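Let me begin by presenting the structure, written as structure tokens, before commenting on it.
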Amino acid sequence: MNIILLGPPGAGKGTQAHHLVESRDMIQLSTGDMLRAAKDSGSDMGRIVADVMARGDLVTDEIVIGLIREQLQAEQKGGFIFDGFPRTLAQADALADLLEEMGETLEAVIELRVDDEALVQRITARSTCGNCGEVYNDMTKPWPADGKCAKCGSTDVRRRADDNEDALRNRLMEYYKKTSPLLGYYYAHGQLTSVDGLAEINVVQAEIAKALDK
Ligand code: AMP
């Protein structure tokens with residue numbers, strides 16, 4: 001089963017993707033993670049995308065489609081969770097072509113619905129474990145008092161450079177202008193399920209499970 005998690009920054013795509021990796025043995029493909037890795041490695045591409053990401057703009061379709069193509073070619077089988085991809089209609093078309101080439105299909109597109117106020121609160125309070133990617137929130141799920149990640153024990157707590165109010169406003173604008181048309185696109189394909197992303201994490205997990213087991 002291959003699925004897309006769709007929603008604005010801070011909607012909980014990463015958190016839900018991690019859960020699906022653990023509970024269903026799926027493979028998370030996050031273009032944001034791939035781009036951050038390219039940036040950290042200091043590669044030419046990493047240098048090109050660094051400023052674009054810091055501003056909260058979208059990286060070019062050509063770059064992200066290339067990254068996804070590479071990852072898909074490296075995998076032997078499906079079970080993909082597309083997290084943060086596609087973000088434009090051109091990316092959605094490219095994904096359909098890539099899956100077809102692999103003999104794979106797209107089973108579901110899950111929209112995580114949240115309001116903008118909640119997003120600002122979530123994003124500015126967000127931290128993640130640099131080792132395992134576990135997501136924390138200063139208010140609702142703070143980094144453990146002993147300084148160690150509850151999941152893997154690492155002390156590498158990180159805050160993303162683009163998790164500030166200015167970049168977030170830009171990321172939201174990019175979402176509404178370029179990504180939200182995908183909701184109509186997948187609805188018209190009969191593949192869209194919308195879930196309340198503001199519910200408790202385990203309630204969201206249950207709603208997603210219901211949609212996938214339909
Ligand atoms: P994310 O971790 O998904 O919030 O992505 C962080 C940043 O990486 C975004 O604000 C964009 O600058 C870039 N990015 C990630 N995925 C894509 C994509 N599919 N298309 C264009 N830019 C992307």
Side-chain angles (χ1 to χ4, degrees), residues 2-21 27-41 43-72 80-99 106 109-112 114 116 118-130 132-137 158-183 185-186 197:
N2 303 303
I3 68 166
I4 294 172
L5 293 179
L6 201 57
K13 301 185 295 292
T15 300
Q16 294 301 329
H18 281 170
H19 175 70
L20 289 168
V21 167
I27 302 160
Q28 179 189 13
L29 296 181
S30 157
T31 39
D33 286 349
M34 293 173 205
L35 291 165
R36 277 184 288 279
K39 208 176 63 169
D40 293 347
S41 76
S43 66
D44 286 348
M45 193 244 281
R47 274 193 295 275
I48 293 171
V49 299
D51 286 346
V52 180
M53 291 175 74
R55 281 198 305 272
D57 291 339
L58 288 191
V59 170
T60 63
D61 288 335
E62 197 188 350
I63 288 180
V64 286
I65 291 167
L67 284 171
I68 285 285
R69 180 183 292 116
E70 245 173 57
Q71 290 289 320
L72 289 180
F80 304 118
I81 307 161
F82 295 97
D83 162 10
F85 180 92
R87 265 174 152 102
T88 64
L89 288 166
Q91 292 177 24
D93 284 336
L95 177 61
D97 291 345
L98 286 169
L99 287 174
L106 182 65
V109 179
I110 310 284
E111 177 201 7
L112 295 172
V114 276
D116 293 354
L119 291 179
V120 177
Q121 189 278 329
R122 269 193 188 180
I123 290 229
T124 49
R126 174 161 77 175
S127 61
T128 51
C129 172
C132 72
E134 186 72 353
V135 182
Y136 293 90
N137 178 291
R158 293 193 190 180
R159 287 190 192 266
R160 282 173 43 173
D162 59 352
D163 276 353
N164 61 70
E165 279 204 56
D166 281 348
L168 175 59
R169 257 170 237 302
N170 228 5
R171 285 157 73 197
L172 275 177
M173 195 56 85
E174 291 284 72
Y175 178 79
Y176 288 118
K177 281 198 301 203
K178 298 177 185 163
T179 309
S180 64
L182 296 184
L183 296 170
Y185 174 99
Y186 287 118

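Start at 1 and go down the list; that is how both ligands and their atoms are numbered. Everything quoted here is computed from the prediction, not taken from an experiment.
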Legend entry - Main-chain N/O of G84 paired with T31 side-chain donor or acceptor, under 3.5 Å: yes

Legend entry - Flag, side chain of N2 to backbone of F80, donor-acceptor distance under 3.5 Å: yes

Inset, instruction - Apply side-chain hydrogen bond (donor to acceptor under 3.5 Å, both in side chains) to D163 and list each qualifying residue two or more places apart in sequence or on a separate chain. - result: R126, R171

Inset, instruction - Supply the atom-to-atom distance T88 OG1 to L58 CG, rounded to the nearest 0.5 angstrom. - result: 7.5 Å

Inset, instruction - Can you tell me which residues line ligand 1 if we count any heavy atom under 4.0 angstrom from one of its atoms, in chain and number order? - result: T31, G32, L35, R36, M53, D57, L58, V59, V64, G84, F85, R87, Q91, R160, D162, R171

Legend entry - For L6 against P86, the heavy-atom pair lying closest together: CD1-O, 3.9 Å

Legend entry - Side-chain heavy-atom pair Y185, D93 within 4.5 angstrom cut-off: yes

